[in-house]
Amino acid sequence: METLINPLQNQVLLELRFGYTSNQFYDLMTSIGGIGITYYKVYVLFIDILYPIIYCISYSLLLSLFFRNSFSRNHYFQLFNVFPFLIGFADVFENISIGYLLFAFPAQNLFMVKLASSFSLLKWGFTMYNILLMLTGLFAWGFRTLLKARK
């Protein structure tokens with residue numbers, strides 16, 4: 001009954017890790033069992049596909065707002081508002097890779113695990129860079145506002 005209520009049995013989802021090894025992947029699959037893998041397939045291929053769409057658009061709009069109010073129209077920072085879509089592409093490809101591995105389980109494909117883990121690392125690396133871009137835009141906007149108020 002516990003596996004029906006908590007199919008991941010308090011395991012950390014792969015998408016929330018900063019990369020993972022083949023052993024970690026296959027240990028997780030073994031520990032959650034068949035019902036957990038079924039739930040995980042639904043999550044990865046249907047639910048988790050929505051998140052990249054939502055946060056790509058949100059991040060892109062925020063960056064556009066910050067950079068539009070911080071820099072001139074022809075400043076190269078205006079081009080960075082498309083950067084969040086790299087995060088989304090990495091996330092979607094990670095989900096597709098994990099989905100493939102889940103359908104292939106119990107067969108092991110070490111290359112696909114490395115590929116999925118690489119997409120995970122790209123996603124988190126791009127996310128950190130995106131946070132830096134947002135902070136840059138926000139601070140530049142605040143600095144520009146202070147300079148205007150001073151005049």
Side-chain angles (χ1 to χ4, degrees), residues 1-71 75-143:
M1 185 65 174
E2 172 65 21
T3 57
L4 290 175
I5 296 169
N6 186 6
L8 290 177
Q9 300 172 4
N10 299 321
Q11 299 281 342
V12 176
L13 291 174
L14 295 170
E15 293 85 2
L16 301 177
R17 298 180 186 191
F18 292 100
Y20 37 87
T21 65
S22 297
N23 288 339
Q24 290 173 321
F25 178 85
Y26 288 111
D27 287 348
L28 175 64
M29 294 307 110
T30 303
S31 70
I32 64 175
I35 192 80
I37 290 174
T38 302
Y39 287 136
Y40 205 12
K41 286 177 191 174
V42 171
Y43 171 76
V44 166
L45 296 175
F46 295 107
I47 298 169
D48 199 33
I49 289 292
L50 298 175
Y51 291 119
I53 296 167
I54 293 167
Y55 67 69
C56 284
I57 293 170
S58 300
Y59 288 163
S60 183
L61 289 173
L62 276 173
L63 284 175
S64 295
L65 173 71
F66 293 163
F67 293 154
R68 184 188 65 211
N69 291 317
S70 304
F71 304 104
H75 195 276
Y76 69 93
F77 264 76
Q78 300 296 341
L79 302 174
F80 283 119
N81 64 346
V82 296
F83 183 80
F85 291 96
L86 291 175
I87 304 169
F89 288 134
D91 196 0
V92 167
F93 286 124
E94 178 192 18
N95 292 340
I96 291 169
S97 301
I98 291 173
Y100 172 82
L101 289 164
L102 291 172
F103 279 103
F105 188 78
Q108 294 190 6
N109 187 334
L110 304 181
F111 172 75
M112 283 300 289
V113 175
K114 287 181 182 179
L115 189 64
S117 179
S118 297
F119 284 128
S120 177
L121 289 170
L122 280 173
K123 172 185 73 176
W124 289 112
F126 289 155
T127 300
M128 298 308 261
Y129 188 71
N130 190 61
I131 291 169
L132 290 174
L133 285 173
M134 282 201 254
L135 289 173
T136 301
L138 187 61
F139 287 132
W141 186 11
F143 187 69

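From a predicted model like this one, the values you see are computed outputs, not experimental measurements. One is the number of the first residue; the rest follow in order along the sequence.
- Phe67 meets the ring pair (Phe, Tyr, Trp, His ring centres under 6.0 Å) test with Phe71, Phe77; sequence neighbours excluded.
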Exercise answer: donor-acceptor pairs, residues 104-115 side-chain atoms, under 3.5 Å, sequence neighbours excluded:
residue: Asn109; atom: OD1; partner: Phe111; partner atom: N; Å: 3.3
residue: Asn109; atom: OD1; partner: Met112; partner atom: N; Å: 3.2

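- With sequence neighbours excluded, no residue forms a side-chain hydrogen bond (donor to acceptor under 3.5 Å, both in side chains) with Thr38.
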Distance-only donor-acceptor pairs under 3.5 Å for side chains of residues 119-127, two or more places apart:
residue: Ser120; atom: OG; partner: Arg17; partner atom: O; Å: 3.0
residue: Ser120; atom: OG; partner: Glu94; partner atom: OE2; Å: 3.4
residue: Lys123; atom: NZ; partner: Glu15; partner atom: O; Å: 2.9
residue: Lys123; atom: NZ; partner: Glu94; partner atom: OE1; Å: 2.9
residue: Trp124; atom: NE1; partner: Glu15; partner atom: O; Å: 3.3
residue: Trp124; atom: NE1; partner: Arg17; partner atom: O; Å: 3.2
residue: Thr127; atom: OG1; partner: Lys123; partner atom: O; Å: 2.7

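- Residues Phe66 and Leu62 are in side-chain contact: their nearest non-hydrogen atoms beyond the backbone lie under 4.5 Å apart.
- Closest approach of Ile32 and Ile37 over heavy atoms only: CD1-N, 3.7 Å.
- Among residue pairs with one or both ends in residues 59-68, those qualifying as side-chain hydrogen bond (donor to acceptor under 3.5 Å, both in side chains) are Ser64-Asn81; sequence neighbours excluded.
- Atom OH of residue Tyr40 and atom CD1 of residue Ile35 lie 16.0 Å apart, to the nearest 0.5 angstrom.
- How far CG of Leu63 is from CG of Asn130: 5.0 Å, rounded to the nearest 0.5 Å.
- Counting heavy atoms from C-beta outward, Tyr51 and Ile47 have side chains that approach closer than 4.5 Å.
- The heavy-atom pair separating Ser70 from Gly137 by the smallest distance is OG-O, 2.8 Å.
- Using a 4.5 Å heavy-atom threshold, the side chains of Ile87 and Pro52 count as separate.
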Scan the side chains in residues 95-102 for donor-acceptor partners under 3.5 Å anywhere in the protein, sequence neighbours excluded, and list what turns up.
residue: Asn95; atom: ND2; partner: Asp48; partner atom: O; Å: 3.4
residue: Asn95; atom: ND2; partner: Asp48; partner atom: OD2; Å: 3.2
residue: Asn95; atom: ND2; partner: Asp91; partner atom: O; Å: 3.4
residue: Ser97; atom: OG; partner: Phe93; partner atom: O; Å: 2.8

